[in-house]
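Notes to accompany the following structure.
This is a predicted model, so every value here is computed, not measured. Heavy atoms only: backbone and side chains are in, while hydrogens, waters and symmetry mates are out. The chains referred to below are lettered A, B, ... by the order of the sequence lines, with proteins before strands, and numbering in each begins at 1.
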Amino acid sequence: MNKASFLNHAYSALVITASLALGYGINAVFDFLPAALYGMLLLTFGLQAELVNPHKLQASVDWIIKHMGVCFVPAGVGIMEHEALIAEFGLVLTLLVILSTMTLLLVIGLLYQRQLNKQKALVDR
Amino acid sequence: MLAHPIDFIFYILLTIVTYHLFVVMQNKLKLIWLNPMMMSLLVLIPILSLNDISYQRYYQDTQIFTQLLEPAIVALGFVLYQQLHTIKGHLKGIFIILSSGISLIMLINMMMTIWLLERYDIAVSVSLKSVTTPIGLALTEQLGGIAAITAVSIIIAGIVGAIWGLPLLKRFGINDPQAQGLAIGCASHALGTATVSKLSYEHGAYSSLALVVSAVITALISPLIIPFFS
């Protein structure tokens, strides 16, 4: 890693930590959204208000997105704790969750695709 | 028991190596069902069970991953920022579509679960499955659900969107990255968002947006809809 990219990563770490810390502050006062979601909105706001330099964030964010999947693994392994619940309701419950997730995906996808198609038709005319 | 540094390094490495192995395999074989997250669970759970390692012991050393999820979610703010100009004009429509979709599915979930299992507490948990974990768990407590079932359902909902989300949407002619991102962020929270963000910034932005807006909508709507069934 060269010096410039190291500095960019350090800058990103600082900005993200600061956003998250502020997110925790807001969460302590308004316990409505989790701190991480407040932090995410704050970062968007900071970039929009040109308080944060987007060019310095790019490489770090790409790296984070590429690897963030691994962060879900330990929590997911927690399924093993709930053998009893799974034995009793597992099959029906799993099917219900799968079907309703697919339905939600399709409802939102179809509604928004329809809206986009309408807008495109208007623009084309 | 004392925390052993060797255990700590072992469990962290085990998690990273397992996950990475499936990332490499998926990149090579291009099989959708080879989802690294799900495959890691299928490998790690038997490894732990067969060696009589309790989940507490494993989680004690690997909870840093769960904590790192917070800055990772914050980083999605960058993706949202990049698409802000295209999103701005659509916000009202997005809000209406997400509100109606989430309310509808919540009603269906409550009715179906109560009809099939005759358990209000399980129905509450199933109805909160599409929202991000901290909000899902807070609402579960507030509305009288079962935390463990909510947690498991949230993971399943995430995996479903991550594995089948895109092929399912494409099959129904939903080909626009904006619509795909919105649907997956709404139904499969941060796990779905992490998966589609790799495809394009447009996917990532709409998915991140849906993640936040759905969380707000669910927190507002569920106390109105769910207690109605108790």
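Residue contact with chain A, scored on non-hydrogen atoms closer than 4.5 Å, involves the side chain of B:Tyr58 exclusively. With a threshold of 4.5 angstrom between heavy atoms, A:Leu41 approaches chain B through side-chain atoms but not through N, CA, C or O. Heavy-atom distances place both the backbone and the side chain of B:Ile97 under 4.5 Å from chain A. When heavy atoms are compared at a cutoff of 4.5 Å, A:Val77 approaches chain B by way of both its backbone and its side chain. Contact of B:Gln63 with chain A is not made at all, since no heavy-atom distance falls under 4.5 Å. Only the side chain of A:Leu116 comes within contact range of chain B, with at least one heavy atom under 4.5 Å from a heavy atom of that chain. Of the atoms belonging to A:Gln58, heavy atoms from both backbone and side chain fall under 4.5 Å from chain B. Neither the backbone nor the side chain of A:Leu99 comes within contact range of chain B; no heavy atoms are under 4.5 Å apart. When heavy atoms are compared at a cutoff of 4.5 Å, A:Val70 approaches chain B by way of both its backbone and its side chain. Residue contact with chain A, scored on non-hydrogen atoms closer than 4.5 Å, involves the side chain of B:Ile105 exclusively. Contact annotation for A:Ile64: only side-chain heavy atoms (C-beta onward) come within less than 4.5 Å of a heavy atom of chain B.
The shortest heavy-atom contact between B:Phe172 and A:Leu110 is O-CD2, 3.9 Å. Between A:Gln115 and B:Gly93 the shortest heavy-atom distance is NE2-CA, 3.6 Å. Here the closest non-hydrogen pair linking B:Thr132 and A:Pro34 is CG2-CG, 4.4 Å. The minimum heavy-atom distance between B:Val74 and A:Ser19, with the atom names listed, is CG1-CB, 3.7 Å. Nearest heavy-atom pair, B:Ser188 versus A:Thr101, reported as atom, atom and distance to 0.1 Å: OG-CG2, 3.9 Å. Taking every heavy atom of both residues into account, B:Asn175 and A:Gln113 meet most closely at N-OE1, 3.2 Å.
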For this session: Could you please spell out the steps behind the side-chain hydrogen bond (donor to acceptor under 3.5 Å, both in side chains) verdict for B:Gln180 and A:Tyr112?
Result: CA-CA 9 Å; B:Gln180 292 173 346; A:Tyr112 198 63; over 6 Å; no
For this session: Apply the test side-chain hydrogen bond (donor to acceptor under 3.5 Å, both in side chains) to residues B:Tyr19 and A:His67: give CA-CA distance (whole Å), side-chain angles for both, the deciding distance (0.1 Å), then the verdict.
Result: CA-CA 10 Å; B:Tyr19 182 82; A:His67 298 294; over 6 Å; no
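Ranked by non-hydrogen atom pairs under 4.5 Å with chain B, the options A:Ala35, A:Gly39, A:Pro74, A:Ala36 are led by A:Pro74. Ranked by non-hydrogen atom pairs under 4.5 Å with chain A, the options B:Leu68, B:Leu44, B:Leu84 are led by B:Leu84. For chain B, the option among A:Leu93, A:Val107, A:Asn117 with the highest count of heavy-atom pairs below 4.5 Å is A:Leu93. Among A:Leu42, A:Thr94, A:Leu111, the residue with the largest count of heavy-atom pairs under 4.5 Å with chain B is A:Leu111.
Ion pairing of B:Asp176 with A:Lys120 is present here, as a side-chain N (NZ or NE/NH1/NH2) and a carboxylate O approach within less than 4.0 Å.
In this structure, CG in B:Leu199 is found 11.0 Å from CD1 in A:Ile65, a value given to the nearest 0.5 Å.
Contact check for B:Gln56 versus A:Glu81: side-chain heavy atoms found under the 4.5 Å cut-off.
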